[in-house]
Every structure is written in structure tokens, then in C-alpha cells.
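These values consider heavy atoms only, across backbone and side chains, with no hydrogens, waters or symmetry-generated copies. Note on naming: letters A, B, ... go to the chains in the order of the sequence lines (proteins, then strands), and numbering restarts at 1 for each one. These numbers were taken from a predicted model, which means no experiment stands behind them.
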Amino acid sequence: AQSVAQPEDQVNVAEGNPLTVKCTYSVSGNPYLFWYVQYPNRGLQFLLKYITGDNLVKGSYGFEAEFNKSQTSFHLKKPSALVSDSALYFCAVRAPSGSARQLTFGSGTQLTVLP
Amino acid sequence: GAGVSQSPSNKVTEKGKDVELRCDPISGHTALYWYRQSLGQGLEFLIYFQGNSAPDKSGLPSDRFSAERTGGSVSTLTIQRTQQEDSAVYLCASSLASAPVADTQYFGPGTRLTVL
């Protein structure tokens, strides 16, 4: 079975500082990894994904994530945080093979960027 | 273009009543997913449709839950004899599913279901 862990329920960072939201995963084989963001009373918005290739993935709104196979991690990063980045962030994994296409999500990390 | 749409946005019902939630996927997307987001359980997969294949129902929590997808487009999630623990936000997503590699699921705004 596949699983995702987001060890921090809450991350606070000052505006302009770099931010990191942590994610580790467990899956058989090479994973497909995703980050989504959720603003209040909204659905999930896709940020970026890792399928294969370069371990550093760049996505929307200046976010990036680094795939680390040895540490089974896929941390989300941004060099300079904005107050508007404050939201709930979800990491998700999908098994690379078989018919199961559904995503398994982490529990979410609430990011607060302080002005 | 238009994204995934869901209706209603909010639904309040009484325990024991049946409810229907609707999802209209992105045009051309062959795969459609239902997830549930609740405080206690986080984001859970419910059911997955892909083209004309039999749906993957492995995430449905009980036989009170069912879903159908008509004409390969619009989907309806039905919850019979609702219980208070069914209160959650029900999210629909769709994707192209056109390649073996992972395609991207795009989510609708969700339906917030409250069972009194």
C-alpha cells in the first residue's frame, strides 16, 4: 500500500523568507508525486508533479519541489514567500503501474506567511 | 477553458435522506474521480471512472454510496440513508488519462454536505 506523510500540520514563515513544506512517501516502485494547494472554501489546485527525469521540478507561482529517492522525500519549496501563499498544501502519490490511478494524499500542511 | 464544475456547492440534509451530488468534468477528459475530504479522515479516494471500463469502487465506504457516469461525461454520486458521519466536502476531479505516465487530476470546487 502507498502512503504519504506530511510531518508538519502548520508552517509559519515571514514574507520574503524561503519556505519549505515537507513530504515523505512510501510506494512500491518509482513514484509519481504531486503537490496541490487549497485555498479556503475552494477545491485543490495543481502546483507541480514529478514523473521522471530531473529531480528538481518547477511549478506554478514560483514553487518547486525536489525529488530525493534515497530519502523518499518530495519537499515543496519557494525562495521568497508571499502572504498570498498562505493556504493548505497537500502532497500526493500514485503508484506507477497497474490500474489504480487514484491519488493517496498526505494530511495537509497549513502554511501561514506573516507580513 | 472551463474547469471541473460541481453542484450543489452546499447541501444540508436530514439524517436518513438520500442525496445526489453532480460533477461535470473538463471537456475531453476520460477519467473522473470522486474523493471525500473530512476533518477526521483527510482526503480519501472514493471511486474512479475511466472511459467505458468498469469503475474502480474500491474506496466507497459502504453500500449506501454509489456513483454513475452517463455518456462518459457527467457523474452523479448518490448517498442513500445519509448518516452524520457522511458530512464532508465531496471533491470531483478529472484527467485526460491518455498516457501510461501519470496525468494530472484537476479538481472541482467541491460540494459541502452537512447531515443534521
Side-chain angles (χ1 to χ4, degrees), chain A residues 1-9 23 25 27 29-54 57-60 63 65 67 74 87-110, chain B residues 2-7 9-10 21 23-26 29-51 53-60 67 88-112:
Chain A
Q2 58 204 40
S3 65
V4 176
Q6 293 181 242
E8 300 158 318
D9 293 336
C23 170
Y25 65 90
V27 70
N30 295 318
Y32 296 154
L33 295 159
F34 301 79
W35 275 102
Y36 285 85
V37 60
Q38 186 176 37
Y39 296 96
N41 301 313
R42 303 282 294 276
L44 276 67
Q45 292 182 27
F46 169 73
L47 278 180
L48 51 79
K49 67 182 179 184
Y50 171 82
I51 306 301
T52 186
D54 194 348
V57 179
K58 293 188 182 296
S60 307
F63 284 93
F67 171 64
F74 189 57
L88 185 59
Y89 290 80
F90 289 96
C91 181
V93 67
R94 206 208 89 179
S97 61
S99 60
R101 286 180 173 268
Q102 63 267 27
L103 297 173
T104 298
F105 287 88
S107 55
T109 298
Q110 181 66 49
Chain B
V4 177
S5 60
Q6 293 185 246
S7 60
S9 55
N10 282 284
L21 312 180
C23 172
D24 207 335
I26 294 172
H29 280 194
T30 59
L32 187 147
Y33 309 77
W34 284 98
Y35 293 86
R36 178 169 71 173
Q37 185 175 20
S38 57
L39 281 176
Q41 302 297 325
L43 270 159
E44 307 170 90
F45 163 74
L46 297 176
I47 189 169
Y48 158 60
F49 296 90
Q50 170 56 52
S53 302
D56 177 351
K57 304 179 182 180
S58 60
L60 294 179
V89 176
Y90 289 82
L91 293 167
C92 177
S94 70
S95 71
L96 280 171
S98 58
V101 296
D103 51 345
T104 300
Q105 295 179 29
Y106 295 92
F107 284 78
T111 293
R112 182 176 297 277

### Task
In plain terms, say whether B:D103 and A:R101 are close enough for a salt bridge, that is, a side-chain N and a carboxylate O under 4.0 Å apart.
yes
### Query
For B:S9, is it the side chain, the backbone, both or neither that has a heavy atom under 4.5 Å from a heavy atom of chain A?
neither
### Message
Using 30° and 60° as the class boundaries, would you call the ring planes of B:Y106 and B:H29 parallel, tilted or perpendicular?
### Response
tilted
### Message
Can you tell me which portion of A:Q38 sits under 4.5 Å from chain B's heavy atoms? Options are side chain, backbone, both or neither.
### Response
side chain
### Message
Taking side chain as everything from C-beta outward and backbone as N, CA, C, O, which of these in B:Q37 sits under 4.5 Å from a heavy atom of chain A? Side chain, backbone, both or neither.
### Response
side chain
### Query
Quick one: do the B:Y48 and B:Q105 side chains pair a donor with an acceptor below 3.5 Å?
no
### Message
Could you check whether any side-chain heavy atom of A:Y50 comes within less than 4.5 Å of a side-chain heavy atom of A:F74, counting everything from C-beta outward?
### Response
yes
